[in-house]
Amino acid sequence: MLQRQSVLIVEDSYLLLEIVANLCEARGIRVLEASTGEAALTLLRKRGEEVDWLLSDIHLPGLIDGWTVAGAFRAIKPEGPVVYTSADTSSRNRGVPGSLFLRKPFQVREIDATVRIMAEGFAAPAALYAAG
């Protein structure tokens, strides 16, 4: 029996979190959610081995940002796919190697394309830009 893919979505906007989570669940992806970097690190400590890929906003409330969350995820899954989101594109090259960047505000079709690609296998769509 095939195991369902799972994603950790780290987003402080409840509306965006729900949209992305619903798109993932519609594609059969199991979703873990966090709205702060601290909550994401707690989830990764407890359930990190279950997470297949990460989608994280860069700017999060609190002391822990998306860069730190991605670093913690990659410590657990060195080749795990990471998708960053942010309106600020000036520092997108700070990401972990092989990561992707989705610029906000994004269209639902852009995030849906990203989710579809992640569900089918990690590859960069034209709307995304490689970081690192």
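This chain uses plain numbering: 1 for the first residue, then up along the sequence.
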Please examine the side chains of [Y] and [X], heavy atoms only from C-beta on, and report whether any two atoms are closer than 4.5 Å.
X: Asp57; Y: Val10; value: no
X: Ile111; Y: Leu55; value: yes
X: Val83; Y: Phe101; value: no
X: Arg27; Y: Asp112; value: yes
X: Ile76; Y: Leu44; value: yes
X: Arg47; Y: Leu32; value: yes
X: Phe73; Y: Val82; value: yes
X: Glu18; Y: Glu33; value: yes

Side-chain ([X]) to main-chain ([Y]) donor-acceptor, under 3.5 angstrom:
X: Glu120; Y: Ile117; value: no
X: Lys77; Y: Trp53; value: no
X: Tyr84; Y: Val96; value: yes

Restricting to non-hydrogen atoms, name the atom on [X] and the atom on [Y] that form the minimum distance, rounded to 0.1 Å.
X: Ala34; Y: Leu43; value: CB-CD1, 4.2 Å
X: Ala21; Y: Val31; value: O-CG2, 3.8 Å
X: Gly66; Y: Ser56; value: CA-OG, 3.6 Å
X: Arg74; Y: Pro97; value: NH1-O, 2.8 Å
X: Ile58; Y: Ser86; value: CD1-CB, 3.7 Å
X: Gly28; Y: Arg4; value: O-NE, 3.2 Å

Where at least one partner belongs to residues 36-46, residue pairs that pass side chain to side chain donor-acceptor pair (under 3.5 Å), sequence neighbours excluded:
Thr42-Arg45
Interatomic spacing from [atom1] in [X] to [atom2] in [Y] - rounded to 0.5 Å:
X: Gln5; Y: Ile29; atom1: CD; atom2: CD1; answer: 4.5 Å
X: Leu15; Y: Ile19; atom1: CG; atom2: CD1; answer: 4.0 Å
X: Ile9; Y: Ser35; atom1: CD1; atom2: OG; answer: 12.5 Å

For Arg116, check side chain to side chain donor-acceptor pair (under 3.5 Å) against everything at least two apart and list the hits.
none
Set of residues satisfying side chain to side chain donor-acceptor pair (under 3.5 Å) with respect to Ser6, sequence neighbours excluded
none
Charged N-O contact under 4.0 Å between Arg30 and Glu25
no
Is it true that Asp88 and Arg103 make a salt bridge, defined as a side-chain N closer than 4.0 Å to a carboxylate O?
no
Mind checking salt bridge (Lys or Arg N to Asp or Glu O under 4.0 Å) for Asp65 and listing every partner two or more places apart, or none if nothing turns up?
none
Is there any salt bridge (charged side-chain N to carboxylate O under 4.0 Å, His left out) pair reaching into residues 7-16, and which pairs are they, with sequence neighbours excluded?
Glu11-Lys104
Do Leu63 and Leu41 share a hydrophobic cluster, counting only Ile, Leu, Val, Met, Phe, Trp and Tyr and linking them when any side-chain heavy atoms are less than 4.5 Å apart?
no
Check for me, please, whether Val108 and Val7 land in the same ILVMFWY cluster - side-chain distances under 4.5 Å, paths through other members count.
yes
